[in-house]
Amino acid sequence: MDTPLTPLTPANAAAARAAVPPGVVGMTARLALLTLRARLMLGLAAAGLVAVAVTLLIWGQQGNFAMLFGGLAEKDAGSVTAQLEVLGVPYKLSGAGTIMVPADQVLGLRMKLAQQNLPRGSTSGNELLDVSQFGTTPSKERSTLNRALQGELERSVMALDAVQSARVHLSVPPTTAFFHDQPKPSASVLLTLHAGRTLDRNQISGIVFLVVRAVAGMNPRDVAVLDQSGALLSNQTEQGGLDSQQLQHVRQIEGQLVKRLHEILAPTVGRDNLRATVTAEVDFNQLESTSDEYKPNQRADSAAVRSSRSTESSGATPGSASGIPGAASNQPAAVATAPLPAASAPSLHAAGIVGGGSNARRESQTQFELDHTVAVRRNAVGVLRRISAAVLVNHRSVTDAKGKTSQQPVTAEEIDKINALVQQAIGFNAERGDSVKVVNMPFFAEAVVKPEELPLWRQPWLIDLVRAAAVPTALVLVALMLVLAVARPALQQLQPPPDAALAAAPGLDETVGEEAPSAAKLSLESSATLQAQEASRMQLQLDTAKSIAKNNPAAVANLVRDWMGAASA
């Protein structure tokens, strides 16, 4: 019949460890003598150290990941990941469409993907019209058509090289039956340009023309084009009733005049001692006039005859019938064949015929040319109406013989010379109403503020180093905590107990108090005392082993089995 095993308690485990000579019992036998709590602590420490080692290995293989793109749509995320697989770059996907890649490859991958026009964006166009829904209201149909048109315009605008992304907002009111009450559509275009890229006036006009041609009845003035900074790019009416081109022309004139003032005055007073500003009033109204002038010919010698006509006519008037009515008076007079004597000539009155009178007419008409002048006057656009210039000159710095520097005002004669130079530089015209004002005043010396140097703990290189070393450092700290707080207390139980003979030596407590004897003090003991202590220690261990063999034969059998296995090996 087998002898029942005595449970292994901390008390008899310590006695069993004390009975076994050091260096003789194997590691398995020593672990078998540990308590359950010590074994659990050792197992937990070993599992923790293995987990830390595996984590360090995985982290070292994967490296530090950073965000490549965030907030991508599913279609764009699929396109980007497909391209990353082609390039052979490891990546990780996280929530909200975020793609993580190795931190040292972020910038290079963004440039390569930009060449492939990725990500393209999730703009929907005419494909919205491919889906038909039953029971759709007219307002929803108009909204879907408007969204499709906006998407197609966005795609067209994004085809430009300088445009990174575009948003188009259309306001297309519904049509009415009354032509005069028909509202006009309008549009707004928001552009996000690539870094360092700009659009010239022709490209902006092309975008406006594209939107106008896509929406029926839209006026180019109803299209607003803005960039990502909120600057208005299209030709909209701004301050003073001027559009952007007109304001740019005015600013260009003012900038050229200010540049002239600095070029002519800076060598005399110094560029840092001069402040100048110019205001130009430009008239952009275009006036066209037509005049007709007529001047009479005042002098006969210089008169120009256009046409002259003269008509002259003359003739005799036939006689009228007179005398006694009858046949004789009604017959015509006979033609005389020969002159008759006066006495024998019959009287015409007597014959009843009265002689007729003569008739003459003369007409003359002369037309002269008149001085006729037709004048058409059209003034130029952007006529300079008035110029106002203001120049501020700093006091002059004067250094005396002792090396002391002081500020002195500029003399009136020098101010007059500066005024004359300014007038000549800007093209001063008193009849036009130009004005120039030169003032001499001391400048306020602002304190030069040096840029604050970043402390060491805010240096970028240190922050990057801490971020890179944060994970391995944390894992190493966890491993140290497991070793010191969990594994070390359990391993201390594997050490042999302190020498009981030395602890029980007479007079030892009185010599060193409650402290254990140090190695230096033990070395001073005589050899005889050490031999006696060793003999006493061996006897104590032998007695303890006998007691353990008597009380717990199973544990002793396990120890002997381990010894035999170690000897045969």
Side-chain angles (χ1 to χ4, degrees), residues 68-83 93 95-99 110 113-175 182-195 197-236:
L68 179 64
F69 294 111
L72 296 179
E74 295 181 356
K75 183 177 180 181
D76 289 337
S79 302
V80 173
T81 53
Q83 188 64 26
L93 296 177
T98 303
I99 301 177
R110 287 180 181 176
L113 294 176
Q115 293 178 355
Q116 303 295 332
N117 195 18
L118 292 176
R120 295 184 177 89
S122 57
T123 302
S124 301
N126 289 335
E127 58 268 16
L128 294 174
L129 304 178
D130 297 337
V131 180
S132 60
Q133 298 179 357
F134 181 75
T136 304
T137 60
S139 60
K140 190 174 182 179
E141 289 181 353
R142 290 195 301 269
S143 177
T144 304
L145 180 61
N146 194 18
R147 289 175 54 196
L149 184 57
Q150 290 178 172
E152 293 298 326
L153 288 175
E154 290 176 3
R155 292 176 179 176
S156 301
V157 174
M158 289 174 59
L160 298 177
D161 295 336
V163 179
Q164 180 178 0
S165 62
R167 292 292 305 275
V168 179
H169 303 278
L170 297 178
S171 176
V172 183
T175 58
Q182 180 68 33
K184 299 296 182 182
S186 59
S188 299
V189 181
L190 178 61
L191 303 177
T192 302
L193 305 179
H194 289 288
R197 304 293 296 273
T198 57
L199 295 176
D200 55 17
R201 305 310 281 170
N202 294 331
Q203 291 175 324
I204 297 173
S205 301
I207 295 175
V208 174
F209 186 78
L210 177 66
V211 177
V212 169
R213 289 300 182 182
V215 182
M218 182 173 290
N219 194 319
R221 289 187 172 273
D222 296 331
V223 179
V225 181
L226 293 85
D227 60 3
Q228 68 268 26
S229 62
L232 185 64
L233 304 179
S234 57
N235 296 331
Q236 299 293 323

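From a predicted model like this one, the values you see are computed outputs, not experimental measurements.
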**Prompt:** Taking it one step at a time, do Ser188 and Val168 satisfy side-chain contact (heavy atoms from CB on, under 4.5 Å)?
**Reply:** CA-CA 6 Å; Ser188 299; Val168 179; over 6 Å; no

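Contact between Lys184 and Asp222 at its shortest, heavy atoms only, is CB-OD2, 4.2 Å. When all heavy atoms of Leu226 and Leu233 are compared, the closest pair comes out as C-CD1, 4.3 Å. What you find for Pro185 and Pro173 is that their closest heavy atoms are CA-CD, 3.8 Å. The two residues Val163 and Ala166 make their nearest non-hydrogen contact at CG1-CB, 4.3 Å. Across every non-hydrogen atom of Leu153 and Ala214, the tightest pair is CD2-CB, 3.7 Å. Summarising the geometry of Met158 relative to Gln164, their closest heavy-atom pair is CE-O, 3.8 Å, with the distance given to 0.1 Å.
Going from atom CD of Gln228 over to atom CG of Leu191 covers 8.0 Å, rounded to the nearest 0.5 Å. Arg147 CZ to Lys140 NZ: the interatomic distance, rounded to the nearest 0.5 Å, is 9.0 Å. If you take OG1 on Thr144 and CZ on Arg142, they are separated by 11.0 Å, rounding to the nearest 0.5 Å. For the atom pair His169 NE2 and Leu190 CG, the distance stands at 6.5 Å (nearest 0.5 Å).
Sorted by first then second residue, the salt bridge (Lys or Arg N to Asp or Glu O under 4.0 Å) pairs that include residues 205-216, not counting sequence neighbours, number zero. Applying the salt bridge (Lys or Arg N to Asp or Glu O under 4.0 Å) test to residues at least two apart or on different chains, the pairs with a partner in residues 162-173 are Glu154-Arg167.
Shown here are the side-chain contact (heavy atoms from CB on, under 4.5 Å) partners of Ser165, two or more places apart in sequence or in another chain: Thr192. Listed by chain and number, the residues in a side-chain contact (heavy atoms from CB on, under 4.5 Å) with Ala162 are Arg197, Leu199 (sequence neighbours excluded). Residues satisfying the side-chain contact (heavy atoms from CB on, under 4.5 Å) test with Ala114, not counting sequence neighbours, are none. With sequence neighbours excluded, the residues satisfying side-chain contact (heavy atoms from CB on, under 4.5 Å) with Asn202 are Asp200.
Side-chain contact between Ser234 and Val223 is absent, with no heavy atoms from C-beta onward closer than 4.5 Å. The closest side-chain heavy-atom distance from Leu113 to Phe69 is below 4.5 Å. Residues Ile99 and Leu93 are in side-chain contact: their nearest non-hydrogen atoms beyond the backbone lie under 4.5 Å apart. You'll find the side chain of Ser205 stays beyond 4.5 Å of the side chain of Ile207, heavy atoms only.
Between the Ser143 side chain and the Ser139 main chain, no donor and acceptor come within less than 3.5 Å of each other. At distances below 3.5 Å, at least one donor-acceptor pair connects side-chain atoms of Asn146 with backbone N or O atoms of Leu170.
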